[in-house]
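Chain letters run A, B, ... following the sequence lines, proteins first, then strands; residues in each count from 1. Keep in mind that what you see is a predicted model, and the values were worked out from it rather than measured.
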2 protein chains.
Amino acid sequence: MLKSTWKQFDEVELTHSSVHHLMAMHELLKQNGYVRGVDIAKYLKISRSSVSITIHKLIKKGYIKEDENKFYHFTDKGKALINDVLSKRRIITLFFEKVLNLSSEKAEAEACKIEHLLEEVTGQRLMSFLGFYLSNAEEAQQCRKAFQEFSYACGQVESCDVCELDCYFAGSQEKH
Amino acid sequence: MLKSTWKQFDEVELTHSSVHHLMAMHELLKQNGYVRGVDIAKYLKISRSSVSITIHKLIKKGYIKEDENKFYHFTDKGKALINDVLSKRRIITLFFEKVLNLSSEKAEAEACKIEHLLEEVTGQRLMSFLGFYLSNAEEAQQCRKAFQEFSYACGQVESCDVCELDCYFAGSQEKH
DNA sequence: TTCTGCTGTTAGGTTAACTTAACAAATGTT
DNA sequence: AACATTTGTTAAGTTAACCTAACAGCAGAA
């Protein structure tokens with residue numbers, strides 16, 4: 001891999017924290033019809049002061065505007081971002097839940113950690129894959145069924161095609 | 001979702017940065033047979049001082065030990081972690097590349113951003129899925145073939161089952 | 001109207017991860 | 001032997017994201 005690829009982690013347009021301030025806003029707007037700083041603070045379980053600072057940064061960046069009564073609203077830019085992140089989260093969650101059979105709580109928790117890090121194209125491709133894999137297409141249905149019956153027999157071998165090192169899956173069976 | 005789920009992001013045992021110091025070590029050990037601070041610094045393109053500090057933290061946490069000549073080595077704990085992360089990266093990369101058809105560079109870059117955030121169980125499930133999906137099983141082969149021929153016809157509709165909001169995939173087609 | 005409580009902001013402090021600058025110790029060169 | 005380079009460490013500064021404490025403004029209750 002390119003030796004500085006790892007730095008892309010820091011180069012996301014908005015941090016995990018900022019994205020979640022926006023997500024909280026979206027959720028609270030849907031719930032209550034309005035959002036104030038204190039609502040976000042309670043929702044995210046952080047201090048009002050911290051929220052105040054982050055929100056002002058987001059205002060400066062053009063994702064949020066504030067009205068006379070200190071109620072917050074999304075700008076078009078903010079709405080677009082929320083839409084992207086929500087879609088991506090939804091798709092990733094669906095994948096974890098419907099394909100990998102994680103519980104819906106775990107699926108959401110895992111999606112939440114990575115949703116803002118993946119590029120649009122990855123989300124789109126995943127979307128496309130799910131659109132097919134979860135469809136009623138004959139091949140998809142049979143594939144799902146066969147996978148359910150399939151149990152990866154990694155326990156017997158020292159190494160397999162997929163993991164070059166000690167078998168990851170084998171190791172996992174001791175732990176679980 | 002549980003309202004504090006998002007905080008799990010910060011609660012990973014090792015940060016993105018720390019994990020990548022260990023990954024760099026692994027890579028350099030494989031390449032040269034030894035690692036010093038300056039090697040890691042050059043590899044990660046950060047300052048020697050920064051590496052020095054991070055490495056000492058990792059020594060305190062028990063992932064690395066230092067010999068008389070300031071060469072670094074993994075402890076068993078470090079080896080186990082590297083093994084886990086590498087396996088997870090490999091699986092995720094494979095998924096992005098072989099299932100979602102991302103280029104191998106993009107697949108690795110995307111995997112790199114999220115590999116340390118996903119739980120073991122997620123990696124295992126993905127492993128299991130790939131083990132089947134990429135296998136020679138009749139159903140898997142047909143599914144792969146059918147998916148290749150499939151193009152998600154999202155353009156015609158306002159919304160679809162998968163994305164509740166504006167169609168994510170439709171939006172993406174304008175951009176690309 | 002005074003008091004209380006809620007809300008937002010500011011000030012000052014912490015931690016993690018970077019930076020540059022300065023320096024000490026070892027190593028290599030001439 | 002003297003000088004230059006490499007390497008690791010330390011000091012001091014930056015940014016992001018949190019914290020607590022203090023305080024100002026407002027709004028409702030006694």
query: What's in the same ILVMFWY side-chain cluster as A/Tyr34, cut-off under 4.5 Å, chained through other members?
result: A/Phe71
statement: Side-chain atoms of B/Lys42 come closest, of C/dA17, D/dG8, D/dT7, to D/dT7
query: Atom CD1 of B/Ile46 and atom P of C/dA16: how far apart are they, to the nearest Å?
result: 16 Å
field: Protein-nucleotide distance (B/His116, atom NE2; C/dA16, atom P), rounded to Å
entry: 15 Å
Length of the NE2-P vector between A/His21 and D/dA17, whole Å: 8 Å
field: Nucleotide D/dG8, atom P - distance to CG of B/Asp67 in whole Å
entry: 11 Å
- prompt: Atom CZ of A/Arg48 to atom C1' of D/dC23: distance rounded to whole Å?
  reply: 11 Å
- prompt: Any side-chain hydrogen bond (donor to acceptor under 3.5 Å, both in side chains) pairs touching residues 129-144 of chain B, not counting sequence neighbours?
  reply: B/Glu138-B/Gln142
task: Mind calculating the distance between CG (A/Asn69) and P (D/dG25) to the nearest angstrom?
output: 17 Å
message: From CG of A/Asp39 over to C1' of C/dT7, roughly how many Å is that when rounded to an integer?
response: 10 Å
message: Ring of A/Phe74, cation from A/Lys79 - is the NZ or CZ under 6.0 Å from the centre and inside 45° of the axis?
response: no
- prompt: C/dT27 C1' sits how many Å from B/Phe71 CZ, rounded?
  reply: 12 Å
- request: Output all residues satisfying side chain to side chain contact (heavy atoms under 4.5 Å, CB included) with A/Ala41, sequence neighbours left out; order by chain, then residue number.
  value: A/Arg48, A/Val51
query: Counting just side-chain N and O atoms, does A/Lys45 come under 4.0 Å of either OP1 or OP2 of D/dC18?
result: no
- request: Fit a plane to each ring of A/Phe95 and B/Phe95, take the angle between them on a 0 to 90° scale, and name the class: parallel (under 30°), tilted (30 to 60°) or perpendicular (over 60°).
  value: tilted
message: Whether B/Ser47 contacts C/dT19 is assessed here as follows: a side-chain N or O lying under 4.0 Å from the phosphate OP1 or OP2. Is that the case?
response: yes
query: For B/Lys145, which residues count as a salt bridge (charged side-chain N to carboxylate O under 4.0 Å, His left out) partner, sequence neighbours excluded?
result: none
message: Judged by each residue's nearest nucleotide on DNA chain D, which is more toward the 5′ side, A/Ser18 or B/Val35?
response: B/Val35
task: Name every residue in residues 49-61 of chain A that has at least one heavy atom under 4.0 Å from any atom of DNA chain D, in order of residue number, or write none if there are no such residues.
output: A/Ser49, A/Ser50, A/Lys57
- request: Return the set of residues passing side-chain hydrogen bond (donor to acceptor under 3.5 Å, both in side chains) with B/His56 (not counting sequence neighbours), or none when no residue passes.
  value: none
